Amino acid sequence: MPQQDPQALYAQIRRRFIETGEWDQIRGVLQARLNESGWLDEIKNRGKERARDMDPLSFQALFDELRPNAQTSIPLVVKKEINAVIRQHLDRHLQ
């Protein structure tokens, strides 16, 4: 069996998840868990603080500055739960 390009495989899985509504379910769980953990408020507050000091204010610059820390600061328990949810959805499609 030939190997598929990872980007093409991701696009195919994402399209199927969007078509079935599972993408929105996964996003909903992720947003709820990040909110419960306080992560959303932390990132929002960091963004507000940084935006106050930025002259001129630039969304792209703010995003580029906050993104690396935001990605690495996602609580491990949230990452594990979302990975489990994604695996469950994938298992349903691969059976």
Side-chain angles (χ1 to χ4, degrees):
M1 175 157 84
Q3 277 200 330
Q4 191 171 9
D5 172 40
Q7 292 298 327
L9 181 59
Y10 171 78
Q12 181 181 4
I13 291 168
R14 183 171 187 249
R15 186 180 69 250
R16 187 175 301 172
F17 278 7
I18 290 170
E19 289 170 355
T20 61
E22 292 168 306
W23 188 261
D24 288 334
Q25 291 172 0
I26 293 167
R27 286 184 60 216
V29 171
L30 176 60
Q31 185 171 1
R33 297 307 176 268
L34 290 174
N35 190 33
E36 291 167 5
S37 72
W39 183 89
L40 286 175
D41 289 335
E42 179 184 330
I43 297 303
K44 190 186 311 181
N45 290 335
R46 230 183 273 159
K48 284 180 184 178
E49 288 175 20
R50 184 60 189 110
R52 282 187 196 108
D53 298 333
M54 214 176 248
D55 188 32
L57 181 59
S58 163
F59 173 79
Q60 190 61 51
L62 185 60
F63 179 79
D64 291 344
E65 185 176 321
L66 293 174
R67 184 178 183 183
N69 184 264
Q71 289 175 327
T72 59
S73 67
I74 295 172
L76 185 58
V77 67
V78 174
K79 289 180 184 180
K80 287 182 178 182
E81 182 177 354
I82 294 305
N83 281 332
V85 169
I86 292 170
R87 285 184 206 281
Q88 289 171 356
H89 287 286
L90 284 173
D91 287 346
R92 279 196 292 258
H93 287 281
L94 298 175
Q95 289 180 355

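Just so it is clear, the values below take in all heavy atoms, side chains as well, and ignore hydrogens, waters and symmetry mates. It should be emphasised that the depicted structure is a prediction, and the values quoted were computed from it without experimental measurement.
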For atom CZ of Arg67, is the number of surrounding heavy atoms from other residues, nucleotides or ligands below 6.0 Å larger than 12? no

Among residues at least two apart in sequence or on other chains, which ones pass salt bridge (charged side-chain N to carboxylate O under 4.0 Å, His left out) with Arg16? none

Looking at residues at least two apart in the chain, or sitting in another chain, which of them share a side chain to side chain donor-acceptor pair (under 3.5 Å) with Gln12? Gln4

State, without any angle test, whether Gln31 and Asn35 hold a side-chain donor-acceptor pair at a distance under 3.5 Å. no

Side chain to side chain donor-acceptor pair (under 3.5 Å) assessment of Asn45 paired with Glu49: CA-CA 6 Å; Asn45 290 335; Glu49 288 175 20; over 6 Å; no

Answer yes or no: are there more than 12 heavy-atom neighbours, outside Lys79 itself, under 6.0 Å from its atom NZ? yes

dist Gln88:CD -> Asn83:CG (nearest 0.5 Å) comes out at 11.5 Å

Compare all side-chain heavy atoms of His93 with those of Phe17 and state whether any distance is below 4.5 angstrom. yes

Do Phe63 and Ile74 belong together in a cluster built from hydrophobic side chains that touch within less than 4.5 Å? no

Path from Ile43 to Phe59 over hydrophobic side-chain contacts below 4.5 Å: no

Residues forming a side chain to side chain donor-acceptor pair (under 3.5 Å) with Arg15, sequence neighbours excluded: none

Considering residues, nucleotides and ligands other than Glu42, do more than 12 of their heavy atoms fall under 6.0 Å from its CD? yes

Tell me whether the count of non-hydrogen atoms from other residues, nucleotides or ligands lying under 6.0 Å of CZ in Arg87 goes above 12. no

Under 4.5 Å between side-chain heavy atoms, chaining through other members, with only Ile, Leu, Val, Met, Phe, Trp and Tyr counted: pull out the rest of the cluster around Leu66, sorted by chain and number. Met54, Leu57, Leu62

Check for me, please, whether Leu30 and Leu76 land in the same ILVMFWY cluster - side-chain distances under 4.5 Å, paths through other members count. no

Supply the atom-to-atom distance Asp41 CG to Lys48 NZ, rounded to the nearest 0.5 angstrom. 8.5 Å

Looking at CD of Glu22 and CZ of Arg14, how far apart are the two atoms once the value is rounded to the nearest 0.5 Å? 14.0 Å

Option from Val78, Ile86, Leu34, Ile82 for which side-chain contact (heavy atoms from CB on, under 4.5 Å) with Val29 holds: Ile82

For residues Trp39 and Ser73, report the shortest heavy-atom separation together with the two atoms involved. NE1-OG, 3.0 Å

Restricting to side chain to side chain donor-acceptor pair (under 3.5 Å), what partner residues turn up for Ser58, sequence neighbours left out? none

List the residues meeting side chain to side chain donor-acceptor pair (under 3.5 Å) with Glu36, not counting sequence neighbours, and say none if there are none. none

